[in-house]
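Comments concern the structure below.
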Amino acid sequence: MASGLPRMSARVLTCLFTTDTGSLTASELGQRLQVSPASISKAIAFLESQSLVRRVRDERRRNRYVVDDELFYQATIASARSNDKLVETARQGVAVLGPHTPAAARLENIARFLDFISESITRAAEQAREVLHTAPGTSPDDTGPPRPNRAEQAD
């Protein structure tokens, strides 16, 4: 299984993340990335389907595409929930194949694995959610100095 973003979606997301406002119109995205409106539209549709951007109307009734701190949390939770569908499907397969067959055992192991992963991701996202709302240079609980990031730890 491959994961990640299509190239244009990654470019659009990066463009949104690197603006001070965290929002741009389709026209502004097209100008900054020097791509067609169709490319922006397709990339935005994908990003919205993954809960990575949201659409809002500005005062001039134009669509603005927004990234904010909460979107990463929401996307992570949505990803974990998508595993729940795979777990359910695998367990239905166990019932169809009969619980004592090698194929059913394999499906049950897949279901248990994905169920564990989904629960772990959800728990971690809940625990880390406050990090998304913490000012840079401060710790989430304000009880001590910020922890160095991985790049700082390598130095």
Side-chain angles (χ1 to χ4, degrees), residues 1-19 21-24 26 29 33 35 38-57 63-155:
M1 285 187 263
S3 64
L5 295 175
R7 187 170 190 265
M8 184 53 63
S9 295
R11 290 183 67 202
V12 167
L13 193 59
T14 299
C15 193
L16 287 167
F17 276 131
T18 57
T19 64
T21 62
S23 84
L24 294 167
L29 283 164
L33 297 173
V35 297
S39 295
I40 297 298
S41 179
K42 184 176 179 182
I44 288 292
F46 176 81
L47 293 169
E48 284 181 313
S49 76
Q50 302 299 305
S51 302
L52 292 172
V53 300
R54 65 184 165 86
R55 183 186 312 234
V56 297
R57 291 276 184 157
N63 284 331
R64 295 192 72 75
Y65 302 101
V66 179
V67 292
D68 61 29
D69 295 336
E70 197 63 17
L71 284 172
F72 260 99
Y73 168 78
Q74 295 297 331
T76 301
I77 295 298
S79 174
R81 293 294 157 244
S82 70
N83 281 341
D84 294 345
K85 294 175 187 172
L86 294 172
V87 169
E88 181 182 333
T89 301
R91 291 217 163 109
Q92 288 171 355
V94 170
V96 168
L97 295 171
H100 302 296
T101 65
R106 189 169 35 259
L107 285 177
E108 180 56 34
N109 287 341
I110 291 168
R112 288 186 8 241
F113 173 83
L114 290 173
D115 196 32
F116 179 84
I117 294 297
S118 181
E119 288 178 17
S120 298
I121 289 170
T122 300
R123 192 171 32 259
E126 291 292 339
Q127 292 170 347
R129 189 176 194 182
E130 68 186 81
V131 170
L132 291 171
H133 303 285
T134 305
T138 62
S139 66
D141 59 9
D142 289 324
T143 60
R147 285 182 252 150
N149 63 36
R150 289 183 185 184
E152 293 168 336
Q153 289 174 342
D155 292 339

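Keep in mind that the numbers below use all heavy atoms, side chains included, and drop hydrogens, waters and symmetry copies. Count residues from 1 along the sequence.
The closest side-chain heavy-atom distance from I44 to L29 is below 4.5 Å. Side-chain contact between F113 and I117 is present, with at least one heavy-atom pair separated by less than 4.5 Å. In this structure, V66 and R55 have side chains that are not in contact, with every pair of non-hydrogen atoms separated by 4.5 Å or more. No side-chain heavy atom of V12 sits under 4.5 Å from any side-chain heavy atom of V53. Two residues are said to be in side-chain contact when any heavy atoms from C-beta on lie closer than 4.5 Å; C15 and L24 meet this criterion.
Taking each heavy atom of A125 and I77 in turn, the nearest pair found is CB-CD1, 3.9 Å. Between V87 and A111, the shortest heavy-atom distance links the atoms CG2-O, 3.5 Å. Across all their heavy atoms, M8 and S39 have their closest contact at CG-O, 3.8 Å. T19 and L16 get closest at one heavy-atom pair: OG1-O, 2.9 Å.
A search for ring-ring contact (aromatic ring centres under 6.0 Å, His included) contacts involving F72 returns F17, not counting sequence neighbours.
Pairs engaging residues 85-99 under the salt bridge (charged side-chain N to carboxylate O under 4.0 Å, His left out) rule: R91-E108 [sequence neighbours left out].
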Any chance you could lay out the side-chain hydrogen bond (donor to acceptor under 3.5 Å, both in side chains) test for R112 and N109, step after step, and finish with the verdict? CA-CA 5 Å; R112 288 186 8 241; N109 287 341; 2.8 Å; yes
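No more than 12 heavy atoms of other residues, nucleotides or ligands sit less than 6.0 Å from atom CZ of R7.
Note that the CD atom of E70 and the OG atom of S51 stand 11.5 Å from one another [nearest 0.5 Å]. D115 CG to D84 CG: the interatomic distance, rounded to the nearest 0.5 Å, is 7.0 Å. Atoms CG and CG, on L47 and L5 in that order, are 6.5 Å from each other to the nearest 0.5 Å. If you take CZ on R106 and CG on L97, they are separated by 9.0 Å, rounding to the nearest 0.5 Å.
Without hydrogens or angle criteria, T122 side chain to E119 main chain gives no donor-acceptor distance under 3.5 Å. For T14 (side chain) and A10 (main-chain N/O), a donor-acceptor pair under 3.5 Å exists by modelled atom type. Checking side-chain atoms of D68 against main-chain N and O of L71 turns up a donor-acceptor pair under 3.5 Å. A donor-acceptor pair is defined here as one N or O able to donate and one able to accept, closer than 3.5 Å; such a pair exists between the side chain of S49 and the backbone of F46.
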